[in-house]
Amino acid sequence: MRKKSYNKTVMKRYATAIIGGGAAGLFCAAALGNTEGVLVAERGERAGRKLSATGNGQGNITNLRMSPEHYFHLGGDPAGITVHALSEYGECDMISFLESLGGLFLADERGRVYPAGRQASAVTDLLRFTLARKGVRMQTQTRVMSLQRQPGRFLLEAEGPEGKETFSADRVVLCTGGKAAKNFGTDGSAYALAEGLGHTVTKLYPSLVQLETERGPIRGLKGIRAEAELTAYSGQGKGRTRLARVRGDVIFTDYGISGDAVFRLSAFLTEKLARERITVSIGFLPDVPEEKLCSALIRKHDRFPDIPEGELLCGILNNQLGRAVARSCAEKSAEALARKAKDFSLSVTGSLGFDSAQVTKGGIPLSEVDETLQSRLVKGLYFAGEILDVDGECGGYNLQWAYSSARVVAAAIDADGTVPESGFVSRVVSR
């Protein structure tokens with residue numbers, strides 16, 4: 001008589017499955033006091049790729065001028081969740097945490113904090129080494145396709161290098177990022193995991209992104225950089241409303257404007273572009289008052305009366321910028337040219353979109369999570385980082401949110417303290 005054969009299939013079971021090996025996921029795993037049975041599942045070939053590019057590759061991790069006023073929520077934050085997270089785990093806590101892992105950090109004149117070596121990948125290395133020392137299982141090239149809540153556990157189905165894989169976890173932390181910069185694996189598809197468990201997602205917009213503008217006034221300026229004061233307005237004429245003002249570099253392109261100041265300004269604009277008329281006023285020579293500029297132009301004209309009116313700003317502004325300002329000015333008097341140089345306005349027609357954006361505006365509404373960032377709908381499901389409806393200004397604020405939210409979640413998980421009896425359970429299937 002032939003014996004019946006059995007095929008034993010082992011389903012791995014974890015205490016905590018962190019989906020997403022970006023900044024929030026790495027911070028969360030590194031902050032956990034008990035890392036027994038912890039998995040970080042990252043869809044990319046390596047963890048922390050976007051983190052390694054932050055701050056233009058220099059690693060702007062936070063800002064000493066931290067406050068909730070630097071953050072935005074499309075759906076609001078009635079319970080003050082952002083305030084709570086930042087007060088519990090603010091910029092000083094973040095710096096201390098990373099220095100406890102072996103790093104050293106310094107601030108610049110604008111309060112932006114960087115690794116001493118100005119290398120963003122050094123922050124990623126600190127976190128990865130910490131996870132390795134703590135025994136956290138890092139599984140890359142693993143894309144979670146399905147997330148289900150079952151009695152006493154979550155069931156996760158993933159695709160990895162060796163095909164499909166199924167595992168379970170007592171709790172899950174969604175740190176999958178948003179929709180911005182899909183070259184880092186954040187294409188917005190992971191919102192479906194939360195939606196499958198009953199959560200909603202706000203409308204999504206790109207933020208910290210280049211702006212498209214009318215082309216005529218900036219013809220011939222591609223590649224020119226200037227320091228300026230940029231002011232964004234909604235509406236037009238005397239009825240326009242100021243939205244934000246920043247100072248920094250602006251770079252002219254064939255589609256519009258880029259540069260540090262533009263990225264910072266975009267955080268206040270992108271969700272408004274579809275429904276409001278937005279203009280950006282560029283004020284050149286921000287350290288020179290309009291009256292002083294006007295006087296300089298009058299003296300120049302008096303001394304060189306034969307100079308063409310369109311060339312009057314040349315030698316004061318970049319020559320091509322000076323000619324562009326003059327072209328946009330109906331009157332070529334010194335007063336009119338000075339006024340136009342301080343208010344060179346461009347209509348904003350759009351942005352370069354999610355592929356070029358650094359951050360996603362919108363996400364899982366804060367009304368759907370409690371103060372520990374646990375889902376109000378599904379016990380044991382947590383969120384951290386960009387997947388939530390929290391985005392910050394440019395300057396270290398978004399990475400600070402990744403840290404603060406991750407620390408809140410890690411503290412809640414440590415307080416819960418549930419650990420499975422073993423690292424996996426077996427399911428026996430007879431054939």
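The shown structure was predicted, so the numbers you read here are calculated from the model rather than taken from an experiment.
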Looking only at heavy atoms, what is the nearest atom pair of [X] and [Y], with distance?
X      : Y      : value
Val409 : Cys28  : CG1-SG, 4.0 Å
Lys50  : Ala180 : NZ-O, 4.1 Å
Ala411 : Tyr89  : CB-OH, 3.4 Å

Candidate pair Asn63 and Glu91, rule side-chain contact (heavy atoms from CB on, under 4.5 Å), full reasoning: CA-CA 7 Å; Asn63 200 298; Glu91 70 279 11; over 6 Å; no
On the ring face of Tyr191, is Lys179 found with NZ or CZ under 6.0 Å from the centre and within 45° of the axis?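 Pair Lys179/Tyr191 does not count as cation-pi.
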Should the pair Arg242 and Tyr233 be classed as cation-pi, given the thresholds of under 6.0 Å to the six-membered ring centre and 45° from the axis?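 Pair Arg242/Tyr233 does not count as cation-pi.
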Between [atom1] on residue [X] and [atom2] on residue [Y], distance to nearest 0.5 Å:
X      : Y      : atom1 : atom2 : answer
Leu285 : Ile316 : CG    : CD1   : 8.0 Å
Leu101 : Arg133 : CG    : CZ    : 7.0 Å
Glu42  : Ile19  : CD    : CD1   : 11.5 Å
Leu346 : Thr213 : CG    : OG1   : 4.5 Å
Leu155 : Gln150 : CG    : CD    : 4.5 Å
Lys272 : Leu269 : NZ    : CG    : 7.0 Å

If you draw a 6.0 Å radius around [atom1] in [X], do more than 12 non-hydrogen atoms from other residues or ligands fall strictly inside?
X      : atom1 : value
Glu88  : CD    : yes
Arg46  : CZ    : no
Arg327 : CZ    : yes
Glu162 : CD    : no
Asn56  : CG    : no

How are the rings of Phe284 and Phe344 set relative to one another: parallel (under 30°), tilted (30 to 60°) or perpendicular (over 60°)?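 If you compare the ring of Phe284 with that of Phe344, the planes turn out tilted.
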Out of the candidates Ile61, Asn60, Thr62, only one should pair with Arg112 under the side chain to side chain contact (heavy atoms under 4.5 Å, CB included) rule; please name it. Asn60
Side chain proximity check, Phe252 to Ile282, heavy atoms < 4.5 angstrom: yes
Please determine whether a side-chain nitrogen of the Lys or Arg among Asp170 and Arg13 lies less than 4.0 Å from a carboxylate oxygen of the Asp or Glu.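 Looking at Asp170 and Arg13, the cut-off is met.
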Does the distance from a Lys or Arg side-chain N to an Asp or Glu carboxylate O, for Arg65 and Glu393, drop under 4.0 Å?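 No, no charged N to carboxylate O under 4.0 Å.
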Side-chain H-bond candidate by donor/acceptor type, Ser345 with Thr279, under 3.5 Å: no
Is it true that the side chains of Asp77 and Thr82 contain a donor and an acceptor less than 3.5 Å apart?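 Indeed, the side chains of Asp77 and Thr82 share at least one donor-acceptor pair under 3.5 Å.
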Between Tyr403 and Phe97, is the gap from one ring center to the other below 6.0 Å?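 Yes, ring centres under 6.0 Å apart.
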Please say which of Arg247, Arg225, Arg110 ends up in a salt bridge (charged side-chain N to carboxylate O under 4.0 Å, His left out) with Asp260.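 Single salt bridge (charged side-chain N to carboxylate O under 4.0 Å, His left out) partner of Asp260 among Arg247, Arg225, Arg110: Arg110.
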Steps toward side-chain contact (heavy atoms from CB on, under 4.5 Å) verdict (Asp187, Arg43): CA-CA 11 Å; Asp187 58 5; Arg43 65 181 285 183; 3.3 Å; yes
